[in-house]
Amino acid sequence: MDKTLDVITIGRSSVDLYGAQVGGRLEDMGSFRKYLGGSPTNMAAGTARLGLRSALITRVGDEHMGRFIREELAREGVDVAGVKTDPERLTALVLLGIRDDERFPLIFYRENCADMALSEDDIDEALIARARSVVATGTHLSHVQTEKAVLKALDLASKHGARTALDIDYRPNLWGVAGHGDGESRFVESRRVTEKLQSTLHLFDLIVGTEEEFHIAGGSTDTIAALNAVRAVSEATLVCKRGADGAVAFTGAIPATLDEGERGPGFPIEVFNVLGAGDGFMSGLIKGWLEDAPWPRALQYANACGAFAVSRHGCAPAYPSLAELDFFLDRGVTTKALRQDKALEQIHWSTNRHGDWSTMRVFAFDHRMQLETMAGATPEKIGAFKQLCLRAALGVQNGHPGYGILCDHRLGRKALQAASGTGLWIGRPVEWPGSRPLTLEPEIGADFGGLDEWPLDNVVKVLCFCHPDDDAATQAAQEETVKRIFASARRNRLEFLLEIIPSKVGPVDDATTAILIRRFYEIGIYPDWWKLEPMASRSAWEQACAAIIENDPHTRGIVVLGLDAPEAELAASFAIAADFPLVKGFAVGRTIFAKTAGEWLMDRLSDDDAVAEMQARYRRLCDVWDAARGGGLPQEDTAQGAGQDKFAAQTSQGRH
């Protein structure tokens, strides 16, 4: 069978609830951030980020946290065929925090958890046969049932010619030799644990651990003696992690000192968070191991990935992409606190985003001022109309990728909330409509803390009416607001869309938009998305795209706004914009909904007729864009799609 996977990891999976505050006790944490957790799960994500084809074998619960793990792994590019859902057990949780550069309060919630129910029946030979390597971790050797599952996977790996590796990953309280309150403990002597580990060490081609982990595997607190004890039962390459002193590899006999092993360069960085460093290290090591790189080079990968992990909040989210790793190895350390290295953090953010949004067909109904001035409009009726807009969007989407909405919270709250989880891209405005200088919706708050409440699938959209000829005071005020909302978006892990419309402020030429784009980059704004008005000339588009690529080659791209233009005018603008790969699609609103809204708000149109009208216009624009781009998903000529049917049942207003 073709080896379609590079690595399968097997063992623990959990949700890490990471204290957001740093420097205090876990008792004093006020909020937590939710991440992937569990050593094999972290490694699966970490290797996927480095471009390896990875998979995970584990169990998760049939509940929200289990679904989070499965969905997050898929977003990271991990094959989840081996992730089984346990209908009886809960997904494991870990509460943890950062006290200082050495202490990390930690509580495992793993009593009868899903991953510890992993069994031999969960090991699929066809999946193992696809892999070049299988990586196990020590915790799943601690219980007879999970040990049988690991041993079966290793046996099948040998049968199908896969390499095998063990991350000793010793957690004393998970072996029952330390209490619940000792999650931070990394070493307790135990003859039982040593004997169990030594009974399996011969099954591995690569064994990795800290000095303390080799102490438990070798049965001695003398590191050289412990390594010799491991070597006595295993011919594996042994990699010993030494913290700030880097790591060493031993392919043969163990020398008299650790310094005589093969070493890779380390990195002089500030230690911020020691949790998860080993899984980051292992991710980089696996990359080098499977490349058959010399051990010094493989250890360089590993040390770099470990350096990223100790420099950032969280475990899996801290691990680098391949582009980020290459950049770091080429440039080196310029700021010891890596999380404060702006160039590195921008690459980290922009190369680890989730989702394929290479095509963007966005129905924008985030309008507030335009709807509020229509005859018959009330906040309640506008909110109900926006739910109809969502029905229309879902009907056209019909479960396909590449569709989205722009919807506000103040008037469109129910539609906005209902859109979550539908597969739509969701943009949400923060600007007060029509404001210049730019001001924000009151819900954002004076400290911009309102973004704390946003779901992670909402994209912060801000519209700024700006022009290169703005007076200094206006320019300064607007730029300060954009900088603050951008910083708040990043802090809350939200993508950011910047919309600029210079033509509403002053005369424009082919260079106007490009000048504005460069200015925003100059002041440190790196939007994930740009929303630009239609530009009639190829030169204007060329200059705008060049300004973006020169500053951010990893940008998501551009969407073209509509400005209430007739469909024929939009078709002409699409034809020009679609020639530029950086333009991913459109975000159009009033062309789709304005006429329908006027009729519906005056009770001259039923809900279903309103949805049908908007759906037809939206579908035509999608077809026009796809044709301009030279292809795309065919639009089904149906009155309602499956997604719309479900939503219609929940939101029908009963008008006929």
Side-chain angles (χ1 to χ4, degrees), residues 11-12 38-40 42-43 94 96 98-108 135-142 165-201 204 206-234 236-250 254-255 257-261 263 266 271 273-282 285 299 302-303 305-307 309-310 315:
R12 285 191 287 136
S39 184
N42 288 339
M43 284 188 276
V94 182
L96 58 167
I98 303 171
R99 182 67 186 264
D100 52 38
D101 60 358
E102 294 182 353
R103 292 178 294 171
F104 43 93
L106 184 153
I107 305 172
F108 290 103
V135 178
T137 58
T139 300
H140 270 55
L141 299 173
S142 67
L166 172 69
D167 185 334
I168 299 171
D169 186 39
Y170 182 43
R171 300 291 184 268
N173 66 342
L174 300 186
W175 282 82
V177 296
H180 291 308
D182 295 322
E184 192 171 345
S185 171
R186 285 296 180 265
F187 182 73
V188 175
E189 289 187 86
S190 170
R191 174 52 51 187
R192 175 178 63 85
V193 176
T194 298
E195 290 175 351
K196 175 58 67 177
L197 289 173
Q198 290 198 351
S199 71
T200 64
L201 296 181
F204 298 99
L206 173 66
I207 299 172
V208 183
T210 62
E211 290 191 57
E212 291 82 4
E213 286 169 337
F214 275 107
H215 292 170
I216 194 67
S220 172
T221 54
D222 179 286
T223 303
I224 295 297
L227 288 167
N228 275 307
V230 172
R231 174 60 75 230
V233 296
S234 173
T237 295
L238 309 182
V239 173
C240 182
K241 297 179 286 186
R242 305 178 65 195
D245 293 328
V248 288
F250 304 99
I254 306 302
T257 66
L258 293 178
D259 291 338
E260 295 176 64
R263 307 176 68 180
V271 175
N273 171 29
V274 296
L275 288 166
D279 302 335
F281 177 96
M282 193 70 175
L285 189 69
L299 291 172
N303 289 333
C305 291
V310 301
C315 298

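Just so you know, these numbers use all the heavy atoms, side chains as well, and skip hydrogens, waters and symmetry mates.
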Inset, instruction - Mind running side-chain contact (heavy atoms from CB on, under 4.5 Å) on F214 and I216 for me, showing each step along the way? - result: CA-CA 5 Å; F214 275 107; I216 194 67; over 6 Å; no

Inset, instruction - Take V239 and L285 through the side-chain contact (heavy atoms from CB on, under 4.5 Å) test and state the conclusion after the steps. - result: CA-CA 9 Å; V239 173; L285 189 69; 4.1 Å; yes

Inset, instruction - Apply side-chain contact (heavy atoms from CB on, under 4.5 Å) to the pair R242 and T210, showing each step before the final yes or no. - result: CA-CA 6 Å; R242 305 178 65 195; T210 62; over 6 Å; no

Inset, instruction - Starting from the C-alpha separation in whole Å, work towards a yes-or-no answer on side-chain contact (heavy atoms from CB on, under 4.5 Å) for E260 and I254. - result: CA-CA 9 Å; E260 295 176 64; I254 306 302; over 6 Å; no

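Atom SG of residue C315 and atom CE of residue M43 lie 12.0 Å apart, to the nearest 0.5 angstrom. With values rounded to the nearest 0.5 angstrom, L258 atom CG is found 4.0 Å from I224 atom CD1.
Looking at I207 and S234, their side chains come closer than 4.5 Å, going by heavy atoms from C-beta outward. At least one side-chain heavy atom of L238 sits less than 4.5 Å from a side-chain heavy atom of L227. Contact check for V248 versus F250: side-chain heavy atoms found under the 4.5 Å cut-off. Here the side chains of V208 and I168 are not in contact, with every heavy-atom distance at 4.5 Å or above. Put simply, the side chain of N303 reaches to within 4.5 Å of the side chain of F281, judged on heavy atoms.
Here the shortest heavy-atom pairing between G261 and P255 reads N-CG, 4.4 Å. Nearest approach of L201 to A217, heavy atoms of both residues: CD1-O, 4.3 Å. When all heavy atoms are compared, the tightest approach of G218 to A229 is O-CB, 3.3 Å. Pairing each heavy atom of T200 with each of L141, the nearest pair is OG1-CD1, 3.6 Å. Minimum interatomic distance between D167 and S39 (heavy atoms only, all atoms of both residues): OD2-OG, 4.1 Å. Shortest non-hydrogen contact noted between G219 and Q198 is N-NE2, 4.5 Å.
A donor-acceptor contact shorter than 3.5 Å is absent between the side chain of R263 and the backbone of L299. For T194 (side chain) and S190 (main-chain N/O), a donor-acceptor pair under 3.5 Å exists by modelled atom type. No side-chain donor-acceptor contact under 3.5 Å links E211 to the backbone of K241. One N or O on the side chain of E213 and one on the backbone of Y170 form a donor-acceptor pair closer than 3.5 Å. The main-chain N or O of E195 is never found under 3.5 Å from a side-chain atom of R192 such that the two would form a donor-acceptor pair.
Looking at D279 and R12, no side-chain N of the basic residue comes within less than 4.0 Å of a carboxylate O on the acidic one, giving no salt bridge.
Side chains of T223 and H215: a donor on one and an acceptor on the other come within 3.5 Å.
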